[in-house]
Amino acid sequence: MPRTPLARPRRSSSGRLHEVAAGALLLCTTLIAYSPALNGGLLWDDDRHLTNPGLRSLHGLWRIWFEFGATQQYYPLLHSAFWVEHRLWGDAMLGYHLTNVVLHALSAYLLVRIVKYLGLPGAWLAGFLFALGPVCVEAVAWVSEQKSTLSAVFYLASALCYLHFDQSRRRTQYFLALALFVLALASKTVTATLPAALLVVLWWQRGRLDWRRDVGPLLPWFALGVSAGAVTTYVERTFVGARGSEFALTFGQRCLVASRALCFYLGKLIWPANLTFIYPRWTVDPAACWQYGFPAAVLALLALLVWLAARHHRRGPLAGFLFFAGTLLPALGFFNVYPFIYSYVADHFQYLASLGVIVPAAAGLSAAARRTQISGGQRTLAAGALVGVLAVLTWRQSGIYENAQTLYRATLARNPDCWLAHNNLGGELLEERGGLTEAISHFEAALRLQPDYPQTYNNLGLALSRVPGRRAEAVPYFETAVRIQPNYAQAQNNLGLALSSLPGRLTESIAHFEAALRTDPDYAQAHNNLGSALSNTPGRLQDAIAEYEAALRIRPDFAEAHYNLANALSETPGRLPEAIAQYREALRLEPDNPQAHNNLGIALSAMPGHLAEAIAEYEAALRIRPDFADAHYNLGLALSRTAGRLPDAISECEAALRINPDFAPARRMLERLRAVR
């Protein structure tokens, strides 16, 4: 393999123009290949990664950096990026997807710069192979995986700076590389493998490593990487849930998982067929002899590469394999990561590791082509054909990320026993008009396949609670969810909501809302629901008001909490003006709420001089909901107090009684008005 040249000729203006054109082509091709996913919506845990309402302030940004558990994972730079992106385009998903694709293309360009700096052939081919590799689709098309694309930019920029430092020994380059490495760690800690990867590259270049020159400068990097990895391991176990029986593997079983995963990833990289969002979870059985074929294959490949390096001085393939396996190490099963509960492998795990295969492959293909009689134009055409095939495959694969339903249906087509896909597809159908029956069937399928997953019990409970007459059936499913996972805030909240609708169980519901808030103090919906339960408890109205106010501090645009707070304030002596302000804010956020218009009318009618405004609110309620008997009655009452409007008042009372013949107040008022007439 060629070594790094000590001096490089300065690029001409035509060379710079060629590079700009190639870079633009790289970006455009990548955007086109990922275009089917650009308008994709939220997938799976995107809503837990994107900045939640409680973190959108400057204080929330402080919490992102200094409070474990404030975000889904402790990757503060990633979540700071999401924080900024939310400021730029809010909930518009196009911005997040474009950011991911641009970051991916930038990583591909940095890869080109590194390969050129190392003096290897096929730099642009390597960049295009990485940019358009189908196995990268999961990391790029899934917004949550911005941690992969963002960290890759800092990882590769750090590597390039360090390689410059290795030649110049300039301290400024060293500290710039170190700073970029820290930023990479703050985006995703799989980048902790960078110092080991740099040592592999230096060994490939020189055939040996010098302790003082090569290893010494990277010792602080190793310390930082180990520390960041320890923090991530703690967060995964404590806050994400990477613990329990699903992770109880012996060291031997973990070795079997690791060797099989290496073979799996290498196979998918070379032949990217049947790529799946969630692959089947392997059964790891040390008694099954065939499973030892994977470690045997890995050891045989390693022995071959060592032999090539030792006997034929061809260190490149071995260096590539060491980079590939070393970068995958955090995801090979030796460390617990939450996704192992449903699969030991995922395409995004090999996002950076794939470079260990892509770069040697591109260099080898380019070198082999140059040794043939093929002309430069023919070589370019062949490379273009290869890149074109990959672009088509990536375009097709990114199409399944167009929306969550498409993704989960594609997953079930390739992995029918994927209980998580059944659960998640059910969750999507639950929010779709007419999808309730199918959602219930998917939740039931998920529970047959995995009877210990609390989220599925919670989801099935939600589905049943939306079926008329089946709310009581939902309660045991919520109870099972919180029994399996007592700190499951959403299930505690849902259980409280279900109990609050059952006679005599209001006190129990309050206890479950409070349990949800102990786990997640920023759970605005639980504050609102607790407020509603307290407002129905004698003597607890002021406590209810405090809960509504807490919900609105967390989520100022929470229309339901504004409405509920207005109702509570309207029942509190001397606070009617505040109630009116809250009703108006609720209607600003949700103008088509007939009940809010009606209640605002009631509040206004109690304020001297506001009767005309009250009439306008009742009329607004009836435009939205013409069969609203209470609004007809209230409008009739207001009109009866308005000079010359007695016939209209009678007409409104009659309308209320046509809708609800048993509406006694409307009947009494109608009789009184007719008597006056």
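Side-chain atoms are counted along with the backbone in the values below, which use heavy atoms only and exclude waters and symmetry mates.
- Across all their heavy atoms, L576 and A606 have their closest contact at CD2-CB, 3.7 Å.
- Within the 4.5 Å cutoff, the side chain of Q485 has heavy atoms near those of the Q455 side chain.
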| request: Give the C-alpha distance, both sets of side-chain angles, the deciding distance and a yes or no for side-chain contact (heavy atoms from CB on, under 4.5 Å) between N336 and E236. | output: CA-CA 8 Å; N336 291 349; E236 283 280 330; over 6 Å; no
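- Using a 3.5 Å distance cut-off with no hydrogens or angles, the side chains of N459 and Y477 do not pair a donor with an acceptor.
- Partner of T456 under the side-chain hydrogen bond (donor to acceptor under 3.5 Å, both in side chains) criterion, chosen from N424, N423, T480: N423.
- For the residue pair T519 / N487, no side-chain donor-acceptor distance below 3.5 Å is found, with atom types taken as modelled.
- Around the CZ atom of R237, the shell of radius 6.0 Å holds no more than 12 heavy atoms that belong to other residues, nucleotides or ligands.
- Here the side chain of Y563 pairs no donor or acceptor atom with the backbone of A586 at under 3.5 angstrom.
- Between the side chains of N494 and N458, at least one donor-acceptor pair of N or O atoms lies under 3.5 Å.
- For the atom pair E508 CD and L499 CG, the distance stands at 5.5 Å (nearest 0.5 Å).
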| request: Could you walk me through whether Y279 and N415 pass side-chain contact (heavy atoms from CB on, under 4.5 Å), step by step? | output: CA-CA 7 Å; Y279 292 99; N415 182 8; 5.5 Å; no
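- The CD atom of E590 sits 12.0 Å away from atom CD of E585, with the distance rounded to the nearest 0.5 Å.
- L534 CG to S509 OG: the interatomic distance, rounded to the nearest 0.5 Å, is 8.5 Å.
- Remark: side-chain polar atoms of W62 are not paired, donor with acceptor, to backbone N or O of E67 under 3.5 angstrom.
- G54 approaches R63 most closely through the heavy-atom pair O-NH1, 3.7 Å.
- N100 places a side-chain N or O within 3.5 Å of a backbone atom of V140 that can act as its donor or acceptor partner.
- When side chains are defined from C-beta on, L61 does not count as touching L55, because their heavy atoms never get closer than 4.5 Å.
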| Chi angles and distances behind the side-chain contact (heavy atoms from CB on, under 4.5 Å) call for F663, D630 | CA-CA 9 Å; F663 197 166; D630 284 357; 3.4 Å; yes
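- Within the structure, the ring pair (Phe, Tyr, Trp, His ring centres under 6.0 Å) test picks out the following pairs touching residues 410-449 (sequence neighbours left out): W419-Y453, H422-H442.
- Not a single donor-acceptor pair under 3.5 Å links the side chain of N598 to the backbone N or O of P594.
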| task | Show the numbers, then the answer: is there a side-chain contact (heavy atoms from CB on, under 4.5 Å) between R448 and E444? | result | CA-CA 6 Å; R448 284 194 299 272; E444 291 172 339; 4.0 Å; yes
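- Between Y338 and Y342, the ring-plane angle classifies as perpendicular under the 30° and 60° cut-offs.
- In this structure, E560 and H562 have side chains that are not in contact, with every pair of non-hydrogen atoms separated by 4.5 Å or more.
- Using modelled atom types, one side-chain atom of T71 and one backbone atom of Q73 make a donor-acceptor pair closer than 3.5 Å.
- Contact check for I510 versus E514: side-chain heavy atoms found under the 4.5 Å cut-off.
- For the pair G601 and A614, the tightest heavy-atom approach, listed with the atom from each and the gap, is O-CB, 3.3 Å.
- The residue from L517, V482, L497 that alone fulfils the side-chain contact (heavy atoms from CB on, under 4.5 Å) condition with Q492 is V482.
- Here the shortest heavy-atom pairing between A551 and F558 reads CB-CD1, 4.3 Å.
- At least one side-chain heavy atom of I580 sits under 4.5 Å from a side-chain heavy atom of L604.
- In this structure, H49 and H79 have parallel ring planes: the angle between them is below the 30° cut-off, well short of the 60° mark.
- Atoms CG and CG, from L420 and L425 in turn, are 11.0 Å apart once rounded to the nearest 0.5 Å.
- Judged purely by atom type and a 3.5 angstrom limit, Y548 uses its side chain to pair as donor or acceptor with the backbone of S532.
- Under a 3.5 Å cut-off, the side chain of N660 and the backbone N or O of A656 do not form any donor-acceptor pair.
- Across A516 and N493, no two heavy atoms sit closer than the pair CB-N, 3.9 Å.
- The backbone N or O of R56 sits less than 3.5 Å from a side-chain atom of R87, completing a donor-acceptor pair.
- Residues T537 and A533 come closest through the heavy atom pair OG1-O, 2.9 Å.
- A 4.5 Å side-chain heavy-atom check between S148 and F349 finds every atom pair outside the cut-off.
- Annotation: side chain of N52 is not in contact with side chain of Y523 (no heavy-atom distance under 4.5 Å).
- With respect to W142, the ring-ring contact (aromatic ring centres under 6.0 Å, His included) criterion is satisfied by exactly one of Y351, W44, Y401: W44.
- In this structure a side-chain-to-backbone donor-acceptor pair under 3.5 Å is present from S187 to L183.
- Using a 4.5 Å heavy-atom cutoff, the side chains of E438 and E432 are not in contact.
- The closest donor-acceptor contact from the side chain of R414 to the backbone of L275 lies under 3.5 Å.
- Between R555 and D557 a salt bridge is recorded (basic side-chain N to carboxylate O distance below 4.0 Å).
- In this structure, L436 CG and L430 CG are separated by 6.5 Å, a value rounded to the nearest 0.5 Å.
- Using a 4.0 Å cut-off between charged nitrogen and carboxylate oxygen, K147 and E145 count as a salt-bridge pair.
- F247 CZ: more than 12 foreign heavy atoms inside a 6.0 Å radius.
- With rounding to the nearest 0.5 Å, the separation of CG in N529 from OG in S500 is 7.0 Å.
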